[in-house]
Number of protein chains: 2
Amino acid sequence: MTAPLGSALRISVMRLSRRMRQERTEGLSASQVAALATMERQGPLSLGELAALERVQPPSMTRVVTGLVDAGLAERTPHPTDRRQVLVSVTESGRQLLAADRRRRDEWLAERLRELPQKDLEILRAAAPILDRLAGT
Amino acid sequence: MTAPLGSALRISVMRLSRRMRQERTEGLSASQVAALATMERQGPLSLGELAALERVQPPSMTRVVTGLVDAGLAERTPHPTDRRQVLVSVTESGRQLLAADRRRRDEWLAERLRELPQKDLEILRAAAPILDRLAGT
DNA sequence: TATTGTTATACTCTATAACTATA
DNA sequence: TATAGTTATAGAGTATAACAATA
């Protein structure tokens, strides 16, 4: 009896994610916002580590980071002991952009959530951590 | 009280959708699979209608469709009354590919669903249509 | 000699502009 | 003259290969 649920859930999740993705950030690509968010979450990282976390090759991440640095949202600093490595981190300006971005996205969803009955909200509240577990690590 | 739920739900949905997207189809781009699925769902469409539904420009859809036609998954037929238009539709081979693709994706999810307690499955079953309503039309 | 990041180059996907055929 | 689709061309984004600096 899990097959029909799987199918329905997959379609619902993909449809909602596509809709959410349309709520985009002006001036920055999705890869750039994602990289910036990872920097904020993880703290200073080497460029290679960031590339691995974002599942792109180092040359691609070099480009993404260069764009963020040029926009003043991230910065490169030398690694304290290994001078081959470059540490990348989010700047205060980048932090502000991420916060504004999250507010804006949450707002779109929150508006729709306000239209739902209390019972549905409780179901969603219970469902969120389960969806998380399905996504795995 | 809806803001924290909105944030949590957004992260969960996006994370799961990213994970689902990794279960890709060999040899076809995401746009091609999406266009093929729309053709199947809507029946024969003009190329322009399909481009509008998929939110891409007509020249982009020309390329996508050409790839699908070359692979034998879709076909172009002349419009019965307006010879400027081209109707595109999925072939039997395309239908089979879509079915196999769905089975494979469902399988990945179904496997993870089998590990969940009955209570969680019921929550997800109730949540799916609510997520759908959030996505809108 | 191995590793980290960058530069050089190419491929995919999508876009806009110009063109052809038809209405 | 307007519309549907295609072809020509350009711009993102990401990849692999070659290179420079450092371990």
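Each chain gets a letter, A, B and so on, in the order its sequence line appears, and its residues count up from 1. Note: hydrogens, waters and symmetry copies are ignored here, and every other heavy atom, side chains too, is used.
- Two residues are said to be in side-chain contact when any heavy atoms from C-beta on lie closer than 4.5 Å; V88(B) and T77(B) fail this criterion.
- Within the structure, salt bridge (charged side-chain N to carboxylate O under 4.0 Å, His left out) pairs that include any residue of residues 27-38 of chain A do not occur (at least two apart or interchain).
- No donor-acceptor distance shorter than 3.5 angstrom exists from the side chain of R55(B) to the backbone of A51(B), with no hydrogens or angles considered.
- The salt bridge (charged side-chain N to carboxylate O under 4.0 Å, His left out) check on E122(A) picks up nothing, with sequence neighbours excluded.
- Residues from residues 65-77 of chain A that place a heavy atom under 4.0 Å from any atom of DNA chain C, listed by number: R76(A).
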Just distance, no hydrogens or angles: give the donor-acceptor pairs under 3.5 Å from side chains in residues 65-73 of chain A, sequence neighbours left out.
residue : atom : partner : partner atom : Å
T66(A)  : OG1  : T62(A)  : O            : 2.7
T66(A)  : OG1  : R76(A)  : NH2          : 3.1

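- For DNA chain C, the neighbouring residues in residues 56-63 of chain B, judged by any heavy atom under 4.0 Å, are V56(B), Q57(B), P59(B), S60(B), R63(B).
- In this structure L116(A) satisfies the side chain to side chain contact (heavy atoms under 4.5 Å, CB included) test together with L113(A), D120(A), L121(A), L124(A), I130(B), R133(B), L134(B), sequence neighbours excluded.
- Phosphate contact (OP1/OP2 of dT14(D), side-chain N/O of S31(A), threshold under 4.0 Å): present.
- In this view, R102(B) and E40(B) satisfy the salt bridge (charged side-chain N to carboxylate O under 4.0 Å, His left out) rule, not counting sequence neighbours.
- Atoms CD (Q85(A)) and C1' (dT22(D)) sit 11 Å apart, rounded to a whole Å.
- By the salt bridge (charged side-chain N to carboxylate O under 4.0 Å, His left out) test, D101(A) pairs with R104(A), R105(A), sequence neighbours left out.
- Between L87(A) atom CG and dT22(D) atom P there is a gap of 15 Å when expressed in whole angstrom units.
- Atom P of nucleotide dG5(D) and atom CG of L47(B) are separated by 5 Å, given to the nearest angstrom.
- Scanning for side-chain hydrogen bond (donor to acceptor under 3.5 Å, both in side chains) contacts around E75(A) gives an empty result, with sequence neighbours left out.
- Not counting sequence neighbours, R103(B) has no partner by the side-chain hydrogen bond (donor to acceptor under 3.5 Å, both in side chains) test.
- Comparing E49(B) and S29(A), the nucleotide of DNA chain D nearest to each residue sits closer to the 5' end for E49(B).
- Applying the side-chain hydrogen bond (donor to acceptor under 3.5 Å, both in side chains) test to every pair with at least one member in residues 85-99 of chain A, sequence neighbours left out, gives these pairs: D82(A)-Q85(A), E92(A)-Q96(A).
- Between L45(B) atom CG and dG5(D) atom C1' there is a gap of 15 Å when expressed in whole angstrom units.
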Identify the pairs formed between an N or O of the protein and an N or O of nucleotides 21-23 of chain C at a distance under 3.5 Å, and give each distance.
residue : atom : partner : partner atom : Å
dA23(C) : OP1  : R83(B)  : N            : 3.0

